[in-house]
S.K.: 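This is the structure, below, for whatever I ask next.
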Amino acid sequence: MTDATDIRIRPAMRDDVPAIVRIYNEGIRGRGATFETRERTDDDVRVWFDDPRFPILVAEEGGETVGWAAASAYRARACYAGIAEYSIYVATSHHGRGVGRLLMPAFLDALEGAGFWKVLSRLFPENGPSRALCRRFGFREVGTYRRHAQLDGVWRDVIIVERLLRAAARTP
Ligand SMILES: CC(C)(COP(=O)(O)OP(=O)(O)OC[C@H]1O[C@@H](n2cnc3c(N)ncnc32)[C@H](O)[C@@H]1OP(=O)(O)O)[C@@H](O)C(=O)NCCC(=O)NCCS
């Protein structure tokens with residue numbers, strides 16, 4: 001087993017789509033990360049690349065894509081244009097080896113470079129690794145949406161997390 005020092009973070013390319021899909025679908029099947037239950041196709045993910053405003057990064061180890069982080073729109077209203085939602089998924093085989101710890105700071109840099117002032121997401125309270133990753137990189141747990149939706153017929157809470165970027169992070 002290698003450790004995270006062998007891992008390179010870079011912008012995703014369209015050639016990464018099958019790996020991104022594979023890793024995402026592992027996460028969907030795992031039921032620990034998202035309310036999504038519909039597994040994604042290559043076509044679903046290919047459209048992410050159509051809007052260059054939103055960074056997509058991958059972690060690569062020995063030529064294999066082993067994780068990704070991607071931003072998407074928070075809301076359509078113009079006043080929220082500087083807010084991004086994020087997703088981050090690491091291949092199950094690579095969990096707990098520091099891939100997320102490498103991806104996240106590079107992703108935050110990419111978001112700042114793209115002009116976003118805030119990034120946010122919603123996490124299941126039980127998602128310890130994801131909450132730890134957020135804590136490490138300066139996210140704030142804003143609060144809990146109770147019974148936000150059902151997953152497999154069971155109500156689930158979610159914790160809202162946010163991280164300020166650029167000027168928003170510096171202004172008192
Ligand atoms: C969340 C996820 C991206 C973290 O990536 P990772 O490469 O596995 O995590 P890392 O090894 O970089 O560790 C990140 C932090 O989680 C902690 N962690 C890792 N595995 C853990 C576990 N099983 N239980 C509790 N904490 C854990 C690490 O100790 C580290 O915290 P620290 O910096 O305070 O020590 C990854 O586990 C994943 O893909 N999970 C499924 C998808 C998901 O939940 N995505 C988030 C919602 S979009």
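Just so you know, these numbers use all the heavy atoms, side chains as well, and skip hydrogens, waters and symmetry mates. Predicted model, so just to flag it, every value in this text is computed and none were measured. In each ligand, atom 1 is the first atom listed, and ligand 1 is the first ligand listed.
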S.K.: Please enumerate all residues that pass side-chain contact (heavy atoms from CB on, under 4.5 Å) together with E60, with sequence neighbours excluded.
M.R.: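 Counting only residues at least two positions away or on another chain, E60 forms a side-chain contact (heavy atoms from CB on, under 4.5 Å) with R8, R10.
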
S.K.: What does the list of residues with a heavy atom under 4.0 Å from ligand 1 look like, ordered by chain and number?
M.R.: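 Lining ligand 1 at under 4.0 Å, by heavy atoms, one finds A33, S87, I88, Y89, V90, H95, G96, R97, G98, V99, G100, R101, N127, P129, S130, A132, L133, R136.
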
S.K.: Please name the pair of heavy atoms, one in G67 and one in L103, separated by the smallest distance, quoted to 0.1 Å.
M.R.: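 For G67 versus L103, the nearest heavy atoms are C-CD1, 3.9 Å.
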
S.K.: Within a 6.0 Å radius of atom CZ on R147, are there more than 12 heavy atoms belonging to other residues, nucleotides or ligands?
M.R.: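 Result for CZ/R147: open.
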
S.K.: Assess whether a salt bridge exists between E162 and K118, defined as any Lys/Arg side-chain N lying under 4.0 Å from an Asp/Glu carboxylate O.
M.R.: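 Salt bridge between E162 and K118, a charged N being under 4.0 Å from a carboxylate O: yes.
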
S.K.: With a 4.0 Å cut-off on N to O distance, would you call R97 and E61 a salt bridge?
M.R.: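 Counted as a salt bridge, because a side-chain N and a carboxylate O are separated by less than 4.0 Å.
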
S.K.: Can you spot which of F116, W117, Y74 makes a ring-ring contact (aromatic ring centres under 6.0 Å, His included) with Y80?
M.R.: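 Exactly one candidate clears the test, Y74.
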
